[in-house]
Amino acid sequence: MPAAGSIVTRFAPSPSGHLHVGGARTALFCWAYAKGRGGTFLLRIEDTDQKRSSDAASLGFLKDLKWLGIDWNEGPEFDGCGGGDRGPYFQSERLEIYNAHLQRLLESGSAYYAFETTEDLDTKRSAAKAKGVAYRYDRTESVNRTKQEVAELLASGRSAVIRFRTPEGPITIQDAILGQATLPAGEVDDFVLRKADGFPTYHFAVVVDDELMGVTHVLRAQEHFNNTAKHMVLQDSLGFRRPTYGHLPLIFNPDGSKMSKRDKDKMLRKAVTERKISQPPTNTVSQEEFSAWLAGKNVQLEHAQADRLAAALQVVLPEINVDDFRRSGYLPEVMCNFLALNGWSPGENREKFDNAFLAQAFDLSRVVKTPAKFDRVKLLSFNCDAITGMPRDEFVNRVRNHGHAYHSDFMRKLSAEQFDTLAAASHERSKTLDDLFRLNRFLVTDDQAVCFDSKAAEKNLQGAEPNGLSHLRALRGVLSEVKAWDAPSLEGAIKAFAEAHTAGQLGKVAQPLRVAVSGTTVSPPIFDTLVILGRGSTLARVDRALQMFGTH
RNA sequence: GGCCCCAUCGUCUAGCCCGGUCUAGGACACCACCUUUUCAUGGUGGGGACAGGGGUUCGAAUCCCCUUGGGGUCACCA
């Protein structure tokens, strides 16, 4: 239990889907605020929506937070984090607590049972909309029922919710970031506290838990701003303290649209439509699923399906969730740094910092009020800087771990020595931990299966004599004679060859060789590439290229 | 549509609260040139913003008002 008067912040995700960047940023700020002030950062899982919540999603959130380096002092126990005596930290396990407080409201007349069905309410809502009037819940019928009548209805098994009897009058919200705002009287209607399934709504659970868990500062996304009014009137009715609120600006896509998992479907649909594909590529999704997905814009593919389809179509899906970025090879410390820069800045032209700095420098007064567009290009640049700036050993280790996690096939095909050579050679040209695997497939394909890019071959192997092919033919002899198959020896031999045959222009020799062994014009430095391939593969590939492009 | 909030380069932002030091700073992106065995990196230089209109003031990016624009919210989702 933290000392009295100390700061308690919390991150309270609802466990559906994956942790996305906006949520991660909220968690990071909550963490930093508490951390920098010797307070407590608490994690609570808001799983009151039985339909959407899942244990798998909860676990995913914990893992993602852990990966980002965001540790929680209290909350679900996981990998050294969590615990605490103000639990349980899953709202689904706190129903008795909510019911006890609900009882108080019911008895004082601040809450009441309501029996309208969802359909009833929908009808009223659309009627209001048709008239161009704002819909407000009408409490008259519910409130006029006697206790007796309510009891009878309940006894008869009628489905019921409990609503809050919102007091009259305007409500002024005090916000540490946005200042204050006053909602006119009547803006907040009688919202639901307990759903028909017996679970509390977000509004009720959040107010009860923040009080019971001693939360002093609520930092959350701006979409919750208006909800704060509801929470405040509830706190008053329950006799609760009022935490300090700070509403963080939202994070959007570069085009201003909301960042959502649907962006992946959108991109895939576009690719499918453009290429006029009517049948799913093999081993991706079933024909029925594919057709349904294509037909309905709101139909979403499962993660795994989307990944398979993207792979088959060679489309790179946009990263939305934290684990997408992880898979794409972004570093957790860079994610945190960049996320923090969306909506906050330390000033003094400082942009690069770690979480320790963030914790000591973060302050609500420097949080920006305007929504941010998430710029993946800048993130990539930050990632590149961090990767090229780290020690060689560290890069090799981290890229190896990434490989084991996401590219086990690739890792299996290279020896430890080969991999380390490749990693070292790839360090300075890697923008992500994934680049190495994406760009060097040719190293793990069979010598006879190397796929040649026709433009690359045309430009570097064919053409008027003396062309690349003729150099390659002559170079083949040199390569087979090189005594030690290591980078210095190869460099010596090939440079000597270039001196003799291309007036020292290494490119004239290196490029044909590169195309011959990789199929394209891009690879790690040519000498390293040859070392990784070994003499056998190199010569086999050169021979194959000579054969394929040499005969007419 | 009602209500609430916001408004600086293409993007993230510094400056704004406490008007002059702002011919508005940084970063990413962009353009040009240079370096380079490919790719990438790196180096040098360049273009690029105070949404518009009214006030207040000797003086406004900074304070006030209006307009416009953007966002949020109006669920038995959180």
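From a predicted model like this one, the values you see are computed outputs, not experimental measurements. Numbered from 1 within each chain, the chains take letters A, B, ... in sequence-line order.
- Between the CD atom of A/Glu187 and the P atom of B/rC74 there is a distance of 11 Å, rounded to whole Å.
- When each of A/Arg136, A/Arg139, A/Arg165, A/Arg163 is tested with A/Asp190 by the rule side-chain hydrogen bond (donor to acceptor under 3.5 Å, both in side chains), just one qualifies, namely A/Arg139.
- For A/Leu506, taking side-chain heavy atoms from C-beta onward, the closest of the listed nucleotides B/rU37, B/rA78, B/rA75 is B/rU37.
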For nucleotides 15-23 of chain B, 5' to 3', base contacts (B), sugar-phosphate-only contacts (S) and non-contacts (-) with protein non-hydrogen atoms under 4.0 Å give S--------
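- Residue A/Thr48 places at least one side-chain N or O under 4.0 Å from the OP1 or OP2 atom of B/rA78.
- Rounded to the nearest Å, the gap between the P atom of B/rA49 and that of B/rG25 is 11 Å.
- In this structure, A/His224 reaches the bases: a heavy-atom distance under 4.0 Å links it to at least one base atom across the strands shown.
- The phosphate of B/rC76 (OP1 or OP2) has a side-chain N or O of A/Arg163 nearer than 4.0 angstrom.
- For the OP1/OP2 pair of B/rA75 and a distance below 4.0 Å, the side-chain nitrogens and oxygens of A/Arg125 include at least one atom meeting the criterion.
- When distances run from any side-chain atom of A/Leu178 to the nucleotides B/rC5, B/rC39, B/rC12, the shortest one goes to B/rC5.
- Side-chain atoms of A/Lys378 come within donor-acceptor range of the base of B/rA27, with a qualifying N/O pair under 3.5 Å.
- Contact annotation for A/Ile173: no contact, since no heavy-atom pair falls under 4.0 Å across all strands.
- Residue-level contact check: A/Gln505 touches neither bases nor backbone, having no heavy atom under 4.0 Å from any strand.
- As judged by a 4.0 angstrom heavy-atom cut-off over every strand, A/Lys431 is placed among residues touching the sugar-phosphate backbone only.
- Taking the six-membered ring for Trp and the full ring otherwise, the centers of A/Phe395 and A/His402 sit at least 6.0 Å from each other.
- In this structure, of B/rA78, B/rG72, B/rC5, it is B/rG72 that holds the atom nearest to the side chain of A/Asn226.
- Between A/Lys369 and B/rG70 there is no side-chain polar atom (N or O) within less than 4.0 angstrom of OP1 or OP2.
- If you take CG of A/Leu380 and C1' of B/rU41, they are 13 Å apart, rounded to a whole angstrom.
- Counting any heavy atom pair closer than 4.0 Å across all strands shown, A/Pro13 reaches no nucleic acid atom.
- Look at CZ on A/Arg136: it is 7 Å from C1' on B/rG2, rounded to the nearest Å.
- Rounded to a whole angstrom, the distance from the C1' atom of B/rG55 to that of B/rU62 is 15 Å.
- The gap from the C1' atom of B/rU23 to that of B/rG48 amounts to 15 Å, rounded to the nearest Å.
- When the side-chain nitrogen and oxygen atoms of A/Lys195 are compared with OP1 and OP2 of B/rC77, one or more of them lie within a distance under 4.0 Å.
- Between A/Arg25 and the phosphate of B/rC12, there is no side-chain N or O to OP1/OP2 separation shorter than 4.0 Å.
- A straight line from CZ of A/Phe252 to C1' of B/rC5 spans 12 Å, rounded to a whole angstrom.
- Residue A/Glu223 places its side chain closer to B/rU73 than to any other of B/rC12, B/rU37, B/rU73.
- Side-chain contact between A/Arg366 and A/Ser345 is present, with heavy atoms from C-beta onward closer than 4.5 Å.
- Closest to the A/Val377 side chain, of the nucleotides B/rA78, B/rC4, B/rC28, is B/rC28.
- When heavy atoms are screened at a 4.0 angstrom cut-off, A/Asn227 is found touching base atoms of the nucleic acid.
- With B/rU13, B/rC4, B/rU37 as the choices, the nucleotide that has an atom nearest any side-chain atom of A/Thr370 turns out to be B/rU13.
- Across the P atoms, B/rA60 and B/rA24 are found 16 Å apart, a figure rounded to whole Å.
- The separation of B/rU41 from B/rU36, taken at their C1' atoms, amounts to 10 Å, rounded to a whole angstrom.
- Here the P atom of nucleotide B/rA27 and the CZ atom of A/Phe338 are 15 Å apart, to the nearest Å.
- At a threshold of 4.5 Å between non-hydrogen side-chain atoms, the residues A/Leu490 and A/Leu479 count as touching.
- Here the two rings, on A/Phe11 and A/Trp72, have centers that are 6.0 Å apart or farther.
- Using a 4.0 Å heavy-atom criterion, one finds that A/Pro254 contacts no nucleic acid atom at all.
- Nucleotide B/rA75 holds its C1' atom 9 Å from the CG atom of A/Asp122, rounded to whole Å.
- Residue A/Ser345 places its side chain closer to B/rA14 than to any other of B/rA14, B/rA27, B/rA75.
- What separates NZ of A/Lys373 from C1' of B/rU13 is a distance of 14 Å, to the nearest Å.
- Under 4.0 Å is where a charged nitrogen must lie from a carboxylate oxygen, and between A/Lys195 and A/Asp49 no such pair does.
- Both the sub-6.0 Å distance and the 45° axial angle are not jointly satisfied by A/Arg25 relative to the ring of A/Phe374.
- Of the listed nucleotides (B/rG26, B/rU37, B/rG72), B/rG26 has the atom at the smallest distance from the side chain of A/Asn349.
- Base contact: A/Thr521 has a heavy atom under 4.0 Å from a base atom.
- Nucleic acid contact for A/Glu351: base, since at least one base atom lies under 4.0 Å from a heavy atom of the residue.
- At a threshold of 4.0 angstrom between heavy atoms, the contacts of A/Ala196 include nucleobase atoms, whether or not backbone atoms are also involved.
- Comparing the P positions of B/rC17 and B/rC65 gives a spacing of 15 Å, expressed to the nearest Å.
- Relative to the six-membered ring of A/Tyr135, A/Lys129 misses at least one condition, a distance below 6.0 Å or an angle of at most 45° to the axis.
- Between A/Ser523 and A/Arg514, the shortest heavy-atom contact is OG-NH1, 2.7 Å.
- Here the side chain of A/Asp375 is nearest to one of B/rG72, B/rC76, B/rG10, namely B/rG10.
- Counting to the nearest Å, the P atom of B/rC28 and the CG atom of A/Asn337 are 13 Å from each other.
- Pairing partner, B/rG2: B/rU73, with both Watson-Crick or wobble hydrogen-bond distances short of 3.5 Å.
- Between A/Phe164 and A/Phe191, the ring planes lie tilted relative to each other; the angle falls in the 30° to 60° range.
- Among the protein residues, A/Gly179 comes within range of no part of the nucleic acid, since none of its heavy atoms lies under 4.0 Å from any strand.
- A distance of about 35 Å separates the C1' atoms of B/rA51 and B/rU44, rounded to the whole Å.
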Side chain to side chain donor-acceptor pair (under 3.5 Å) between A/Ser142 and A/Tyr137, intermediate numbers included
CA-CA 11 Å; A/Ser142 299; A/Tyr137 177 77; 3.0 Å; yes
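- B/rC9 and B/rA61: their P atoms are spaced 15 Å apart (whole Å).
- In the set B/rC76, B/rU38, B/rU13, the nucleotide with an atom closest to the side chain of A/Val368 is B/rU13.
- Across all strands, A/Thr117 comes closer than 4.0 Å to base atoms (heavy-atom distances).
- A/Ile526 comes within 4.0 angstrom of a nucleotide base, judged by non-hydrogen atoms across all strands.
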